[in-house]
There are 2 protein chains.
Amino acid sequence: MPQHSPLPENTPDDTSADARGGRDDDGPEPRRRGPRKSAGGITLRDVAQLAGVAPITASRALNTPSAVSPKVLQKVREAVEKTGYVPNLLAGGLASNKSRLVAVVVPTVIGPVFQEIVHTLTETLAAAGYQVMLGQSGYENSREDALLEAIIGRRPDGVVLTGIMRSAEARKRLLASGIPVVETWDLTPTPIDMLVGFSHEAIGREVARYLHQRGRKKVAVVGGRDERSQRRMQSFAQEAVALGMNDGQGAAALPMYHVIAPTTLGQGRRGLADLLQQQPDTDAIFCSSDLLALGVMIEAQSRGIAISGQLAVVGFGDLEFSRDLQPRLTTVRIDGTGIGQRAARFIIDRAAGIEVVERIVDVGFSIIQRESA
Amino acid sequence: MPQHSPLPENTPDDTSADARGGRDDDGPEPRRRGPRKSAGGITLRDVAQLAGVAPITASRALNTPSAVSPKVLQKVREAVEKTGYVPNLLAGGLASNKSRLVAVVVPTVIGPVFQEIVHTLTETLAAAGYQVMLGQSGYENSREDALLEAIIGRRPDGVVLTGIMRSAEARKRLLASGIPVVETWDLTPTPIDMLVGFSHEAIGREVARYLHQRGRKKVAVVGGRDERSQRRMQSFAQEAVALGMNDGQGAAALPMYHVIAPTTLGQGRRGLADLLQQQPDTDAIFCSSDLLALGVMIEAQSRGIAISGQLAVVGFGDLEFSRDLQPRLTTVRIDGTGIGQRAARFIIDRAAGIEVVERIVDVGFSIIQRESA
DNA sequence: TTGAAAGCGCTAACAG
DNA sequence: CTGTTAGCGCTTTCAA
């Protein structure tokens, strides 16, 4: 039966005592009855003592093995082994001013959108000895401030933001904290610090052109209410109208079905139903997520509408399933892994003192042409 | 133009100096040329000085406002406001032996399976002042050890494991660390510490019964290779055979299509194709994820096989889209939110010194009956 | 209610 | 290559 209590032993007073017989001068009774704490874990001092070296030497043996004699190295390693010592990185971080923590903020981990980026960051940073702290900002600003406080308080070596920060106050505090910041998933000429993203406007524009080239004449949109999705949709509408689609009516007249995040298949179905009512001869729909697109396709199928013959569908995200649908989904692909890797590299380099020269990276996007459009 | 450098100002020497005219005795030149560090941020001392109180008083004003006079409280708050002070939680954690960090370990964040749990933990713990550290163990053991080292080194106030720990070594170290541990997503009579999960065996069994009751006679399985998925499938096979399905052939003969995680729609399609070759008169398939089930359904559709008339399909996970499919997907629902909340509660209670009496919670599961089976 | 002292466990600066 | 010393920024303990 696994006895387990958050409080370990009751003060193991005597920190020395072990198979070792060297210098056991403990000084003149360092045991006072006054201020004394310690949770009773094994510390670097215990290891050093057991190895017969000074704490700092043990520290070096663990952190910069090359700076220490092989003999000492071995003794320290044995002591670590014997004691099961695990360095306290909180203490190390306090002393060295390097927490080896990186905060990653996403609107939400629900939904497939930010999975790739979170996954890549976690992996890449872990390989470099960093741990990811996860924060969810929600799609509203409200939580941003509290979250920021919690993050800055932990003195991370970097912050990766998914989507640029909205509140000016937040940007200011982040800037003031001096923590390296990478904003992602969007573009702006004035990032807080570093930026790895792509243009939502360009996506909307290019999708409109793509559909125009393929002879579509009556387009519509199903999209999330969040700000970035809106920008894709607006830009799509403007370009579509500029190209003479939808009978040259204003962009504002272009049928749009707005859904609240997270986007779902069901919303896609309802979206198509609604749009067909607004504009029965719609021949192309741009969706702000692949899940919405799937919903549109399923709804179309159940109505006997041929994809893409009668109705073209374009998604966003290139989720794993999109290439396996029938017909396969034409969609916009974002290289989440690439963004994650670059963001991680930015932070690792900064921590290593390497000056990052090109602070803004546009990773672009690609329209994956398949049968649905 | 946002100038930004990881190194803030160059030693803001004069920490006092502000719109205030009280006691400006700085003591006799506290500036030495010897050992001196500090990243130059604003510390509690600065705040205390500005407020005209001792650091400890400022600390109390922030942490236990009720233990301080209203007058002091206000002065400290003003000082915090004025300086933009953010407490260094690393230092606080070191001193108080409470990091307010909780490690959450999942096999991977890719795929929808653990989203709900990660989301809920992050939210619930954030509301209680904890930050989540994310770790991915992968589906192999190899990374478990390195990950554990990184986690324990940060002295989190709790660890939430998704799936029970495999390596005995890992279990031992976790136990030795004295950190509260919550294992989830599975059941075992001998957890490391606390447990919130459900029985994968029971799921397989119940699904077999469910299909049997509905008159299915020739069943098959599409499932992931990971250990928990395997247990569901094995248990399903055994029960199916025990109930006389598949002509009473042994469980080992029950057709199974194994896929490597993460499970995908495409694998579901291939799975059905393969299974129909093995056993053309298959009339029910249990899939180890909803995505696989969707793949099976799409493949069936493209082959003109009627769901559920000719072929019943049962998924696992009850993803958001499952209720919007056509036909709607019958599936096994796990209450990820509930698991996350209970796990968070376990850890928060432990941190508050509340003794957790019932350390093992079986949250169960439910079979959501819809049209696909 | 407030404060002084001590120290959490570690590492940056110097010396040897 | 190794050690001494002095903190990192905060909170605990004890005393006023």
Side-chain angles (χ1 to χ4, degrees), chain A residues 11 15 23 27 30-49 51-76 83 85-100 152-155, chain B residues 11 15 30-49 51-76 83 85-100 152-155:
Chain A
T11 55
T15 333
R23 41 186 286 279
R31 209 170 294 119
R32 277 165 268 83
R33 265 192 75 272
R36 214 246 289 73
K37 285 173 279 183
S38 167
I42 290 136
T43 73
L44 185 62
R45 240 190 23 197
D46 303 330
V47 171
Q49 213 161 329
V53 297
I56 181 66
T57 304
S59 169
R60 284 197 270 251
L62 296 174
N63 298 317
T64 43
S66 60
V68 113
S69 74
K71 222 176 136 161
V72 165
L73 183 56
Q74 199 200 328
K75 283 204 294 187
V76 170
T83 54
Y85 169 69
V86 181
N88 185 331
L89 293 146
L90 254 52
L94 180 59
S96 67
N97 210 23
K98 283 166 189 329
S99 63
R100 307 224 118 216
I152 296 178
R154 259 114 196 166
R155 304 295 190 266
Chain B
T11 56
T15 333
R31 209 170 294 120
R32 276 167 269 82
R33 265 192 77 270
R36 223 267 251 87
K37 285 175 278 184
S38 167
I42 290 135
T43 73
L44 185 62
R45 240 190 23 198
D46 303 330
V47 172
Q49 213 162 325
V53 297
I56 180 62
T57 303
S59 169
R60 284 197 270 252
L62 297 174
N63 298 317
T64 43
S66 61
V68 112
S69 72
K71 220 175 139 163
V72 165
L73 183 55
Q74 197 201 329
K75 283 205 293 186
V76 170
T83 54
Y85 169 69
V86 180
N88 184 330
L89 292 145
L90 255 51
L94 180 59
S96 66
N97 210 24
K98 286 167 188 324
S99 62
R100 307 224 119 214
I152 296 178
R154 259 116 195 165
R155 304 293 190 269

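Numbers restart at 1 for each chain; the letters A, B, ... are given by sequence-line order, proteins then strands.
Atom P of nucleotide C:dA15 and atom CD1 of A:Ile56 are separated by 16 Å, given to the nearest angstrom. In this structure, the CG atom of A:Leu89 is 15 Å from the C1' atom of C:dC8, given to the nearest Å. In this entry the distance linking CG of A:Leu62 with P of C:dG9 reads 16 Å, nearest Å. A:Arg154 has its CZ atom 22 Å from the P atom of D:dC8, to the nearest Å. Residue A:Leu44 contributes atom CG, which lies 9 Å from atom C1' of C:dT11 at whole-angstrom precision. In this structure, CG of B:Leu90 is placed 10 Å from C1' of D:dC8, rounded to the nearest angstrom. Whole-Å rounding puts the B:Arg45 CZ to C:dA4 P distance at 13 Å. Distance CG (B:Leu94) to P (D:dG7): 17 Å, rounded to an integer number of Å.
Residues A:Leu44 and A:Pro87 fail the side-chain proximity criterion, which asks for heavy atoms closer than 4.5 Å. The shortest distance between side-chain heavy atoms of B:Val76 and B:Thr57 does not fall below 4.5 Å. With contacts defined as side-chain heavy-atom distances shorter than 4.5 Å, the pair B:Arg155/B:Lys98 does not qualify. The side-chain heavy atoms of B:Leu94 and A:Asn88, taken from C-beta on, include a pair separated by under 4.5 Å. Residues B:Val72 and B:Arg60 fail the side-chain proximity criterion, which asks for heavy atoms closer than 4.5 Å.
Evaluation of atom-type donor-acceptor distances gives no pair under 3.5 Å for the side chain of A:Arg155 against the base of D:dG9.
If you check D:dC10, D:dG7, C:dA12 against the side chain of A:Ser96, the one that comes closest is C:dA12. Looking at the side chain of A:Arg60, the nearest of the listed nucleotides D:dG3, C:dC10, D:dT11 is D:dG3. Listed nucleotides: D:dT2, C:dG3, C:dC10. Nearest to the side chain of A:Thr43: C:dC10.
Of the residues near DNA chain D, A:Ala54 and B:Lys98, the one whose nearest nucleotide (by heavy atom distance) lies more toward the 5' end is A:Ala54. For the pair A:Val86 and B:Pro55, nearest-nucleotide mapping onto DNA chain C gives the more 5' position to B:Pro55.
Between A:Ser69 and the phosphate of D:dC1, there is no side-chain N or O to OP1/OP2 separation shorter than 4.0 Å. Regarding contacts with the backbone of C:dG3, a side-chain N or O of B:Thr57 is found under 4.0 angstrom from either OP1 or OP2. For C:dT11, the OP1/OP2 oxygens have a side-chain nitrogen or oxygen of A:Ser59 closer than 4.0 Å. Residue B:Asn63 places at least one side-chain N or O closer than 4.0 Å to OP1 or OP2 of D:dT11.
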